[in-house]
K.L.:
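Okay, handing you the structure first.
None of these values were measured; they are calculated from a predicted model. Sequence positions, counted from 1, serve as the residue numbers for this chain.
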Amino acid sequence: MPRIGGRNILSLALSALFLLTPLFGQTSELTEKSHHAKELMDAGRYEEAIPIYRELVRALPKNPGLITNLGLALEMAGRKRDATREFEAALKLDPHQATALLLLGTAHLDLGEYALAIPPLQELLKAQPDNVDAREILGESFLALGRFEQSAEHYEKVEPLDARNPKVWYGLGLSYQGLAQQNFDQLAKDAPGSAYWLDLVGESRLKVLQYNSAFFLYRQALAQMPTLRGAHTALADIYKSKGHDDWASVEEQKESTIPPPDCTSQSLECDFNAGIFTDLAARAAGLKSPESYYWRTRAYNQLTLQAFARLGELPPSPELHELMAKIKYDRRQYFESIQEWQEALELSPGNPYIQKEMALSMIRNKDLAGAQSILQVLIKQSPDSPELNYMLGDTLLNLQKVDEAIPYLKKAVAGDPRLLDAQGSLARAYLATGEAQKAVPHLKAALPIDDDGSLHYQLARAYQASGRAELAKAVLKEYQEIVKTVAAENKATAQEVQITAPE
(Lines give C-alpha, C1' and ligand atoms only; values in the text may rest on other atoms or scores of the structure.)
Protein backbone atom coordinates (compact mmCIF):
# COMPACT_ATOMS: atom_id res chain seq x y z
CA MET A 1 0.00 0.00 0.00
CA PRO A 2 1.48 3.37 -0.98
CA ARG A 3 1.96 6.35 1.18
CA ILE A 4 -0.72 8.67 -0.14
CA GLY A 5 1.27 11.22 -2.11
CA GLY A 6 4.17 10.88 0.29
CA ARG A 7 4.56 13.07 3.38
CA ASN A 8 6.76 16.02 4.17
CA ILE A 9 8.47 14.82 7.35
CA LEU A 10 10.82 17.80 7.18
CA SER A 11 8.15 20.25 8.32
CA LEU A 12 7.30 18.01 11.27
CA ALA A 13 10.94 17.50 12.12
CA LEU A 14 12.11 21.09 12.10
CA SER A 15 9.08 22.34 13.99
CA ALA A 16 9.60 19.68 16.66
CA LEU A 17 13.30 20.11 17.44
CA PHE A 18 14.08 20.62 21.10
CA LEU A 19 16.77 23.14 22.00
CA LEU A 20 18.80 23.02 25.16
CA THR A 21 18.67 26.77 25.85
CA PRO A 22 15.44 26.96 27.86
CA LEU A 23 16.18 23.78 29.80
CA PHE A 24 19.91 23.84 30.31
CA GLY A 25 20.96 27.46 29.97
CA GLN A 26 23.81 26.91 32.43
CA THR A 27 25.57 24.40 30.08
CA SER A 28 26.82 26.71 27.35
CA GLU A 29 28.84 24.03 25.53
CA LEU A 30 25.83 21.71 25.23
CA THR A 31 23.62 24.60 24.21
CA GLU A 32 26.04 25.57 21.46
CA LYS A 33 26.10 21.99 20.16
CA SER A 34 22.33 21.85 20.23
CA HIS A 35 22.09 25.03 18.15
CA HIS A 36 24.68 23.70 15.71
CA ALA A 37 22.78 20.44 15.27
CA LYS A 38 19.59 22.36 14.57
CA GLU A 39 21.39 24.48 11.98
CA LEU A 40 22.56 21.29 10.27
CA MET A 41 19.00 19.98 10.27
CA ASP A 42 17.74 23.27 8.81
CA ALA A 43 20.34 22.93 6.05
CA GLY A 44 19.35 19.34 5.27
CA ARG A 45 22.66 17.96 6.53
CA TYR A 46 21.05 15.24 8.59
CA GLU A 47 23.91 12.74 8.66
CA GLU A 48 26.18 15.41 10.12
CA ALA A 49 23.62 16.20 12.83
CA ILE A 50 23.38 12.58 13.99
CA PRO A 51 26.75 12.29 15.82
CA ILE A 52 26.14 15.63 17.55
CA TYR A 53 22.78 14.47 18.83
CA ARG A 54 24.32 11.18 19.95
CA GLU A 55 26.87 13.12 21.96
CA LEU A 56 24.14 15.26 23.52
CA VAL A 57 22.12 12.17 24.43
CA ARG A 58 25.17 10.59 26.07
CA ALA A 59 25.60 13.77 28.12
CA LEU A 60 21.92 13.95 29.06
CA PRO A 61 20.53 10.40 28.71
CA LYS A 62 17.32 11.11 30.61
CA ASN A 63 16.14 13.90 28.34
CA PRO A 64 13.35 12.61 26.04
CA GLY A 65 13.46 15.73 23.87
CA LEU A 66 17.07 15.19 22.88
CA ILE A 67 16.43 11.51 22.17
CA THR A 68 13.55 12.54 19.96
CA ASN A 69 15.84 14.96 18.13
CA LEU A 70 18.25 12.11 17.46
CA GLY A 71 15.35 10.07 16.11
CA LEU A 72 14.36 12.98 13.87
CA ALA A 73 17.87 13.24 12.45
CA LEU A 74 17.91 9.50 11.75
CA GLU A 75 14.44 9.71 10.20
CA MET A 76 15.44 12.51 7.87
CA ALA A 77 18.61 10.65 6.91
CA GLY A 78 16.45 7.73 5.78
CA ARG A 79 17.43 5.48 8.68
CA LYS A 80 13.87 4.81 9.74
CA ARG A 81 14.50 1.58 11.65
CA ASP A 82 17.11 3.29 13.83
CA ALA A 83 14.74 6.23 14.25
CA THR A 84 11.96 4.04 15.66
CA ARG A 85 14.29 2.80 18.39
CA GLU A 86 15.06 6.35 19.48
CA PHE A 87 11.40 7.37 19.48
CA GLU A 88 10.57 4.32 21.60
CA ALA A 89 13.38 5.21 24.00
CA ALA A 90 12.03 8.75 24.33
CA LEU A 91 8.54 7.42 25.05
CA LYS A 92 9.85 5.20 27.83
CA LEU A 93 10.94 8.39 29.58
CA ASP A 94 7.83 10.37 28.63
CA PRO A 95 4.98 8.13 27.36
CA HIS A 96 2.86 11.13 26.38
CA GLN A 97 5.35 13.11 24.33
CA ALA A 98 3.30 14.14 21.30
CA THR A 99 6.17 14.54 18.84
CA ALA A 100 7.64 11.11 19.56
CA LEU A 101 4.21 9.46 19.33
CA LEU A 102 3.47 11.11 15.99
CA LEU A 103 6.82 10.36 14.42
CA LEU A 104 6.94 6.81 15.73
CA GLY A 105 3.63 6.14 14.01
CA THR A 106 4.84 7.83 10.84
CA ALA A 107 8.09 5.85 10.78
CA HIS A 108 6.26 2.54 11.19
CA LEU A 109 3.92 3.51 8.36
CA ASP A 110 6.87 4.36 6.11
CA LEU A 111 8.40 0.97 6.94
CA GLY A 112 5.19 -0.78 5.93
CA GLU A 113 4.52 -1.80 9.54
CA TYR A 114 0.96 -0.58 9.47
CA ALA A 115 -0.32 -2.38 12.56
CA LEU A 116 2.58 -1.01 14.63
CA ALA A 117 1.80 2.53 13.48
CA ILE A 118 -1.65 2.50 15.05
CA PRO A 119 -1.05 2.34 18.87
CA PRO A 120 1.17 5.46 19.21
CA LEU A 121 -1.18 7.48 17.00
CA GLN A 122 -4.23 6.38 18.98
CA GLU A 123 -2.42 7.32 22.19
CA LEU A 124 -1.69 10.78 20.81
CA LEU A 125 -5.31 11.30 19.75
CA LYS A 126 -6.50 10.61 23.29
CA ALA A 127 -4.80 13.82 24.35
CA GLN A 128 -5.15 15.71 21.06
CA PRO A 129 -8.33 14.53 19.27
CA ASP A 130 -8.02 17.36 16.73
CA ASN A 131 -4.44 16.54 15.77
CA VAL A 132 -4.82 16.52 11.99
CA ASP A 133 -1.48 14.86 11.24
CA ALA A 134 -2.05 11.99 13.69
CA ARG A 135 -5.57 11.32 12.49
CA GLU A 136 -4.57 11.46 8.83
CA ILE A 137 -1.68 9.04 9.31
CA LEU A 138 -3.92 6.78 11.38
CA GLY A 139 -6.46 6.80 8.55
CA GLU A 140 -3.71 5.87 6.13
CA SER A 141 -2.57 3.02 8.38
CA PHE A 142 -6.07 1.53 8.57
CA LEU A 143 -6.42 1.99 4.81
CA ALA A 144 -3.20 0.05 4.21
CA LEU A 145 -4.53 -2.77 6.40
CA GLY A 146 -7.79 -2.94 4.46
CA ARG A 147 -9.77 -1.77 7.49
CA PHE A 148 -11.81 0.61 5.39
CA GLU A 149 -14.54 1.52 7.87
CA GLN A 150 -11.95 2.77 10.34
CA SER A 151 -9.91 4.58 7.69
CA ALA A 152 -13.05 6.32 6.40
CA GLU A 153 -14.00 7.28 9.95
CA HIS A 154 -10.67 9.04 10.53
CA TYR A 155 -10.58 10.76 7.15
CA GLU A 156 -14.15 11.98 7.72
CA LYS A 157 -13.02 13.56 10.99
CA VAL A 158 -10.01 15.19 9.33
CA GLU A 159 -12.00 16.66 6.42
CA PRO A 160 -13.68 19.55 8.32
CA LEU A 161 -10.29 20.49 9.80
CA ASP A 162 -8.22 20.21 6.63
CA ALA A 163 -10.59 20.33 3.66
CA ARG A 164 -7.92 21.68 1.29
CA ASN A 165 -5.63 18.70 1.83
CA PRO A 166 -5.65 16.42 -1.25
CA LYS A 167 -4.41 13.48 0.82
CA VAL A 168 -7.63 13.58 2.83
CA TRP A 169 -9.94 13.41 -0.17
CA TYR A 170 -7.82 10.78 -1.89
CA GLY A 171 -7.65 8.66 1.27
CA LEU A 172 -11.38 9.06 1.80
CA GLY A 173 -12.08 8.07 -1.80
CA LEU A 174 -9.88 4.98 -1.49
CA SER A 175 -11.63 4.05 1.77
CA TYR A 176 -15.07 4.26 0.17
CA GLN A 177 -13.76 2.35 -2.83
CA GLY A 178 -12.56 -0.40 -0.50
CA LEU A 179 -15.96 -0.55 1.22
CA ALA A 180 -17.68 -0.77 -2.16
CA GLN A 181 -15.42 -3.68 -3.12
CA GLN A 182 -16.08 -5.49 0.16
CA ASN A 183 -19.83 -5.28 -0.36
CA PHE A 184 -19.53 -6.38 -3.98
CA ASP A 185 -17.37 -9.33 -2.95
CA GLN A 186 -20.05 -10.39 -0.47
CA LEU A 187 -22.71 -10.08 -3.17
CA ALA A 188 -20.56 -12.17 -5.52
CA LYS A 189 -20.25 -14.80 -2.80
CA ASP A 190 -23.95 -14.90 -1.90
CA ALA A 191 -25.57 -14.29 -5.29
CA PRO A 192 -23.11 -14.82 -8.16
CA GLY A 193 -24.69 -14.36 -11.56
CA SER A 194 -27.72 -12.57 -10.10
CA ALA A 195 -29.22 -9.49 -11.77
CA TYR A 196 -27.66 -7.34 -9.04
CA TRP A 197 -24.24 -8.85 -9.68
CA LEU A 198 -24.55 -8.56 -13.45
CA ASP A 199 -25.60 -4.91 -13.19
CA LEU A 200 -22.61 -3.96 -11.06
CA VAL A 201 -20.14 -5.83 -13.25
CA GLY A 202 -21.69 -4.19 -16.30
CA GLU A 203 -21.25 -0.79 -14.67
CA SER A 204 -17.57 -1.52 -13.97
CA ARG A 205 -16.98 -2.58 -17.58
CA LEU A 206 -18.69 0.53 -18.86
CA LYS A 207 -16.39 2.73 -16.75
CA VAL A 208 -13.35 1.35 -18.54
CA LEU A 209 -15.04 1.65 -21.95
CA GLN A 210 -15.51 -2.11 -22.48
CA TYR A 211 -18.80 -1.50 -24.26
CA ASN A 212 -19.40 -4.95 -25.73
CA SER A 213 -18.90 -6.73 -22.44
CA ALA A 214 -21.03 -4.17 -20.58
CA PHE A 215 -23.80 -4.54 -23.18
CA PHE A 216 -23.91 -8.31 -22.71
CA LEU A 217 -23.99 -8.05 -18.91
CA TYR A 218 -26.79 -5.46 -18.84
CA ARG A 219 -28.84 -7.57 -21.25
CA GLN A 220 -28.39 -10.59 -18.98
CA ALA A 221 -29.38 -8.56 -15.92
CA LEU A 222 -32.58 -7.35 -17.58
CA ALA A 223 -33.42 -10.89 -18.66
CA GLN A 224 -33.49 -11.84 -14.98
CA MET A 225 -35.03 -8.62 -13.63
CA PRO A 226 -36.93 -6.64 -16.30
CA THR A 227 -37.77 -3.89 -13.79
CA LEU A 228 -34.13 -3.22 -12.88
CA ARG A 229 -33.97 0.55 -12.98
CA GLY A 230 -31.02 2.14 -14.74
CA ALA A 231 -30.04 -0.81 -16.94
CA HIS A 232 -31.95 0.46 -19.99
CA THR A 233 -30.34 3.87 -19.53
CA ALA A 234 -26.92 2.21 -19.49
CA LEU A 235 -27.76 0.35 -22.70
CA ALA A 236 -28.84 3.66 -24.24
CA ASP A 237 -25.46 5.17 -23.35
CA ILE A 238 -23.68 2.24 -24.99
CA TYR A 239 -25.75 2.65 -28.15
CA LYS A 240 -24.95 6.38 -28.25
CA SER A 241 -21.24 5.65 -27.92
CA LYS A 242 -21.55 3.47 -31.03
CA GLY A 243 -23.55 6.04 -32.99
CA HIS A 244 -26.92 4.26 -32.71
CA ASP A 245 -29.04 7.12 -31.39
CA ASP A 246 -32.21 5.50 -32.75
CA TRP A 247 -31.57 2.35 -30.75
CA ALA A 248 -30.76 4.47 -27.71
CA SER A 249 -34.18 6.11 -27.95
CA VAL A 250 -35.82 2.71 -27.71
CA GLU A 251 -33.96 1.90 -24.49
CA GLU A 252 -34.74 5.31 -23.01
CA GLN A 253 -38.41 4.73 -23.75
CA LYS A 254 -38.26 1.37 -21.98
CA GLU A 255 -36.60 3.00 -18.97
CA SER A 256 -39.38 5.58 -18.76
CA THR A 257 -42.04 2.86 -18.47
CA ILE A 258 -40.53 1.32 -15.33
CA PRO A 259 -42.44 2.70 -12.32
CA PRO A 260 -40.56 4.48 -9.51
CA PRO A 261 -39.64 2.43 -6.44
CA ASP A 262 -42.12 1.90 -3.63
CA CYS A 263 -40.33 3.57 -0.74
CA THR A 264 -42.13 1.49 1.86
CA SER A 265 -40.60 -1.73 0.52
CA GLN A 266 -37.66 -0.38 -1.50
CA SER A 267 -36.34 2.19 0.95
CA LEU A 268 -32.66 1.62 0.09
CA GLU A 269 -33.27 2.51 -3.54
CA CYS A 270 -35.21 5.58 -2.45
CA ASP A 271 -32.32 6.66 -0.23
CA PHE A 272 -29.98 6.19 -3.19
CA ASN A 273 -32.19 8.27 -5.48
CA ALA A 274 -32.33 10.97 -2.80
CA GLY A 275 -28.54 11.07 -2.69
CA ILE A 276 -28.26 10.23 1.02
CA PHE A 277 -25.53 7.67 0.46
CA THR A 278 -23.97 7.76 3.93
CA ASP A 279 -27.35 7.15 5.59
CA LEU A 280 -28.08 4.35 3.14
CA ALA A 281 -24.80 2.61 3.90
CA ALA A 282 -25.38 2.91 7.64
CA ARG A 283 -28.98 1.65 7.47
CA ALA A 284 -28.05 -1.32 5.29
CA ALA A 285 -25.06 -2.28 7.43
CA GLY A 286 -26.99 -4.87 9.43
CA LEU A 287 -28.78 -6.37 6.42
CA LYS A 288 -27.38 -9.43 4.66
CA SER A 289 -29.47 -9.73 1.51
CA PRO A 290 -28.18 -9.44 -2.08
CA GLU A 291 -30.27 -6.29 -2.42
CA SER A 292 -28.58 -4.65 0.57
CA TYR A 293 -25.10 -5.51 -0.67
CA TYR A 294 -26.05 -4.13 -4.10
CA TRP A 295 -27.23 -0.78 -2.76
CA ARG A 296 -24.36 -0.42 -0.32
CA THR A 297 -21.95 -1.06 -3.18
CA ARG A 298 -23.64 1.59 -5.30
CA ALA A 299 -23.77 4.05 -2.39
CA TYR A 300 -20.07 3.67 -1.64
CA ASN A 301 -19.29 4.00 -5.36
CA GLN A 302 -21.08 7.34 -5.34
CA LEU A 303 -19.27 8.46 -2.18
CA THR A 304 -16.02 7.49 -3.90
CA LEU A 305 -16.88 9.66 -6.90
CA GLN A 306 -17.80 12.57 -4.65
CA ALA A 307 -14.50 12.37 -2.78
CA PHE A 308 -12.49 12.17 -5.99
CA ALA A 309 -14.49 15.06 -7.43
CA ARG A 310 -13.49 17.19 -4.44
CA LEU A 311 -9.90 16.14 -5.04
CA GLY A 312 -10.26 17.36 -8.62
CA GLU A 313 -11.39 20.79 -7.42
CA LEU A 314 -8.13 21.36 -5.54
CA PRO A 315 -4.88 22.59 -7.10
CA PRO A 316 -2.81 19.93 -8.91
CA SER A 317 -1.39 17.36 -6.49
CA PRO A 318 0.41 14.00 -6.60
CA GLU A 319 -2.84 12.39 -5.46
CA LEU A 320 -4.84 13.84 -8.34
CA HIS A 321 -2.31 12.70 -10.93
CA GLU A 322 -2.13 9.27 -9.27
CA LEU A 323 -5.90 8.92 -9.58
CA MET A 324 -5.84 9.95 -13.24
CA ALA A 325 -2.90 7.62 -13.94
CA LYS A 326 -4.81 4.66 -12.52
CA ILE A 327 -7.95 5.49 -14.50
CA LYS A 328 -5.96 5.66 -17.74
CA TYR A 329 -4.08 2.49 -16.87
CA ASP A 330 -7.38 0.64 -16.34
CA ARG A 331 -8.47 1.89 -19.77
CA ARG A 332 -5.19 0.55 -21.22
CA GLN A 333 -4.07 4.06 -22.12
CA TYR A 334 -0.58 3.34 -20.92
CA PHE A 335 1.23 6.27 -22.55
CA GLU A 336 -1.24 8.71 -21.02
CA SER A 337 -0.84 6.91 -17.68
CA ILE A 338 2.92 7.45 -17.84
CA GLN A 339 2.37 11.15 -18.43
CA GLU A 340 0.21 11.37 -15.31
CA TRP A 341 2.82 9.55 -13.23
CA GLN A 342 5.45 11.99 -14.51
CA GLU A 343 3.28 14.90 -13.39
CA ALA A 344 2.87 13.27 -9.98
CA LEU A 345 6.61 12.76 -9.69
CA GLU A 346 7.29 16.43 -10.41
CA LEU A 347 5.11 17.31 -7.43
CA SER A 348 6.58 14.56 -5.23
CA PRO A 349 10.20 14.10 -6.34
CA GLY A 350 11.83 10.80 -5.51
CA ASN A 351 8.56 9.17 -4.39
CA PRO A 352 9.32 5.42 -4.76
CA TYR A 353 5.68 4.37 -5.07
CA ILE A 354 5.08 6.76 -7.96
CA GLN A 355 8.28 5.60 -9.64
CA LYS A 356 7.30 1.94 -9.30
CA GLU A 357 3.85 2.54 -10.76
CA MET A 358 5.33 4.58 -13.62
CA ALA A 359 7.68 1.68 -14.37
CA LEU A 360 4.68 -0.66 -14.50
CA SER A 361 2.93 1.62 -17.01
CA MET A 362 6.14 1.74 -19.04
CA ILE A 363 6.27 -2.06 -19.11
CA ARG A 364 2.70 -2.16 -20.40
CA ASN A 365 3.63 0.49 -22.98
CA LYS A 366 6.60 -1.67 -24.15
CA ASP A 367 9.16 0.87 -22.92
CA LEU A 368 11.26 -1.80 -21.22
CA ALA A 369 14.49 0.20 -21.24
CA GLY A 370 12.80 3.11 -19.46
CA ALA A 371 11.29 0.75 -16.89
CA GLN A 372 14.68 -0.88 -16.33
CA SER A 373 16.30 2.47 -15.53
CA ILE A 374 13.68 3.30 -12.91
CA LEU A 375 13.66 -0.16 -11.34
CA GLN A 376 17.43 -0.23 -11.00
CA VAL A 377 17.27 2.95 -8.93
CA LEU A 378 14.45 1.59 -6.76
CA ILE A 379 16.17 -1.74 -6.16
CA LYS A 380 19.13 0.09 -4.63
CA GLN A 381 16.75 1.68 -2.12
CA SER A 382 14.88 -1.57 -1.34
CA PRO A 383 17.20 -4.44 -2.33
CA ASP A 384 15.13 -7.12 -0.60
CA SER A 385 11.73 -6.24 -2.09
CA PRO A 386 10.31 -9.36 -3.81
CA GLU A 387 8.05 -7.20 -5.96
CA LEU A 388 10.84 -4.95 -7.22
CA ASN A 389 13.17 -7.89 -7.79
CA TYR A 390 10.46 -9.60 -9.84
CA MET A 391 9.68 -6.48 -11.87
CA LEU A 392 13.34 -5.83 -12.68
CA GLY A 393 14.11 -9.49 -13.36
CA ASP A 394 11.10 -9.91 -15.65
CA THR A 395 11.97 -6.69 -17.49
CA LEU A 396 15.53 -7.87 -18.07
CA LEU A 397 14.24 -11.24 -19.23
CA ASN A 398 11.98 -9.58 -21.78
CA LEU A 399 14.97 -7.54 -22.95
CA GLN A 400 16.76 -10.86 -23.60
CA LYS A 401 19.22 -10.16 -20.77
CA VAL A 402 18.66 -13.58 -19.28
CA ASP A 403 21.85 -13.91 -17.23
CA GLU A 404 21.20 -10.52 -15.61
CA ALA A 405 17.57 -11.42 -14.93
CA ILE A 406 18.09 -14.69 -13.06
CA PRO A 407 19.62 -13.32 -9.81
CA TYR A 408 16.74 -10.86 -9.37
CA LEU A 409 14.10 -13.50 -10.09
CA LYS A 410 15.73 -15.94 -7.69
CA LYS A 411 15.71 -13.28 -5.00
CA ALA A 412 12.05 -12.50 -5.67
CA VAL A 413 11.04 -16.16 -5.34
CA ALA A 414 13.16 -16.64 -2.24
CA GLY A 415 11.61 -13.56 -0.65
CA ASP A 416 8.04 -14.55 -1.48
CA PRO A 417 7.41 -18.03 -2.94
CA ARG A 418 3.74 -17.07 -3.34
CA LEU A 419 4.68 -14.58 -6.05
CA LEU A 420 3.61 -16.94 -8.83
CA ASP A 421 4.40 -14.54 -11.66
CA ALA A 422 8.01 -14.51 -10.44
CA GLN A 423 8.01 -18.33 -10.35
CA GLY A 424 6.89 -18.40 -13.98
CA SER A 425 9.46 -15.82 -15.07
CA LEU A 426 12.30 -17.64 -13.32
CA ALA A 427 11.24 -20.85 -15.09
CA ARG A 428 11.29 -19.06 -18.44
CA ALA A 429 14.79 -17.77 -17.68
CA TYR A 430 16.05 -21.27 -16.85
CA LEU A 431 14.52 -22.64 -20.03
CA ALA A 432 16.25 -19.89 -22.02
CA THR A 433 19.60 -20.95 -20.58
CA GLY A 434 18.94 -24.65 -21.25
CA GLU A 435 18.50 -25.52 -17.56
CA ALA A 436 15.21 -27.40 -17.95
CA GLN A 437 15.59 -29.36 -14.72
CA LYS A 438 15.81 -26.14 -12.69
CA ALA A 439 12.74 -24.76 -14.48
CA VAL A 440 10.44 -27.64 -13.51
CA PRO A 441 9.66 -26.81 -9.84
CA HIS A 442 9.00 -23.17 -10.68
CA LEU A 443 6.70 -24.06 -13.56
CA LYS A 444 4.77 -26.44 -11.31
CA ALA A 445 4.45 -23.71 -8.67
CA ALA A 446 3.11 -21.24 -11.25
CA LEU A 447 0.46 -23.54 -12.78
CA PRO A 448 -2.44 -22.01 -10.77
CA ILE A 449 -2.12 -18.81 -12.81
CA ASP A 450 -1.94 -20.58 -16.19
CA ASP A 451 -5.08 -19.26 -17.86
CA ASP A 452 -4.05 -19.94 -21.45
CA GLY A 453 -2.04 -23.18 -21.23
CA SER A 454 1.35 -21.59 -21.92
CA LEU A 455 2.85 -22.72 -18.62
CA HIS A 456 1.68 -26.27 -19.19
CA TYR A 457 3.34 -26.20 -22.60
CA GLN A 458 6.60 -24.94 -21.09
CA LEU A 459 6.43 -27.60 -18.38
CA ALA A 460 5.98 -30.28 -21.05
CA ARG A 461 9.06 -28.92 -22.84
CA ALA A 462 11.03 -28.93 -19.60
CA TYR A 463 10.07 -32.54 -18.85
CA GLN A 464 10.99 -33.56 -22.41
CA ALA A 465 14.35 -31.79 -22.24
CA SER A 466 15.16 -33.42 -18.91
CA GLY A 467 14.38 -36.92 -20.19
CA ARG A 468 10.96 -37.47 -18.58
CA ALA A 469 8.97 -38.30 -21.68
CA GLU A 470 5.92 -39.80 -19.95
CA LEU A 471 5.42 -36.76 -17.76
CA ALA A 472 5.91 -34.53 -20.81
CA LYS A 473 3.23 -36.46 -22.69
CA ALA A 474 0.72 -36.15 -19.82
CA VAL A 475 1.26 -32.42 -19.37
CA LEU A 476 1.12 -31.82 -23.13
CA LYS A 477 -2.29 -33.48 -23.17
CA GLU A 478 -3.44 -31.13 -20.40
CA TYR A 479 -2.12 -28.22 -22.44
CA GLN A 480 -4.11 -29.27 -25.50
CA GLU A 481 -7.29 -29.54 -23.43
CA ILE A 482 -6.78 -26.06 -22.02
CA VAL A 483 -6.21 -24.60 -25.48
CA LYS A 484 -9.42 -26.21 -26.78
CA THR A 485 -11.41 -24.93 -23.82
CA VAL A 486 -10.04 -21.40 -24.14
CA ALA A 487 -10.72 -21.33 -27.88
CA ALA A 488 -14.31 -22.49 -27.33
CA GLU A 489 -14.87 -19.93 -24.59
CA ASN A 490 -13.43 -17.13 -26.72
CA LYS A 491 -15.65 -18.09 -29.65
CA ALA A 492 -18.75 -18.22 -27.48
CA THR A 493 -17.90 -14.92 -25.81
CA ALA A 494 -17.28 -13.20 -29.14
CA GLN A 495 -20.71 -14.31 -30.31
CA GLU A 496 -22.41 -13.27 -27.10
CA VAL A 497 -20.98 -9.79 -26.72
CA GLN A 498 -21.94 -8.37 -30.11
CA ILE A 499 -23.84 -5.11 -29.71
CA THR A 500 -27.17 -5.74 -31.43
CA ALA A 501 -30.45 -3.84 -31.85
CA PRO A 502 -32.87 -3.57 -28.92
CA GLU A 503 -35.05 -6.61 -28.33
K.L.:
Without swapping roles, check the side chain of Asn398 against the backbone of Asp394 for a donor-acceptor pair under 3.5 Å.
P.N.:
yes
K.L.:
Considering residues, nucleotides and ligands other than Lys207, do more than 12 of their heavy atoms fall under 6.0 Å from its NZ?
P.N.:
yes
K.L.:
Angle class for the Phe308/Tyr170 ring planes (parallel below 30°, perpendicular above 60°, tilted otherwise)?
P.N.:
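Correct class here is tilted.
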K.L.:
Hey, does the side chain of Thr297 reach the backbone of Phe184 with a donor-acceptor pair shorter than 3.5 angstrom?
P.N.:
yes
K.L.:
Between Asn183 (side chain) and Leu179 (backbone), is there a donor-acceptor pair under 3.5 Å?
P.N.:
yes
K.L.:
Just by distance, do the side chain of Asp450 and the backbone of Leu455 share a donor-acceptor pair under 3.5 Å?
P.N.:
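Present.
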K.L.:
Does the pair Leu138 and Ile118 meet the rule for a side chain to side chain contact (heavy atoms under 4.5 Å, CB included), with working shown?
P.N.:
CA-CA 6 Å; Leu138 189 56; Ile118 292 171; 3.8 Å; yes
K.L.:
In terms of heavy-atom contacts, does CZ of Arg331 have more than 12 from other residues, nucleotides or ligands at under 6.0 Å?
P.N.:
yes
K.L.:
Of the non-hydrogen atoms in Ala117 and Ser141, which two are nearest, and what is the gap between them?
P.N.:
CB-OG, 3.5 Å
K.L.:
For the pair Tyr294 and Tyr196, name the ring-plane relationship: parallel under 30°, tilted 30 to 60°, perpendicular over 60°.
P.N.:
tilted
K.L.:
Please determine whether the number of non-hydrogen atoms from other residues, nucleotides or ligands lying under 6.0 Å from atom CD of Gln381 exceeds 12.
P.N.:
yes
K.L.:
At their closest point, which heavy atom of Tyr329 faces which heavy atom of Ser361, and how far apart are they?
P.N.:
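Heavy-atom minimum between the residues: CD1-OG, 3.5 Å.
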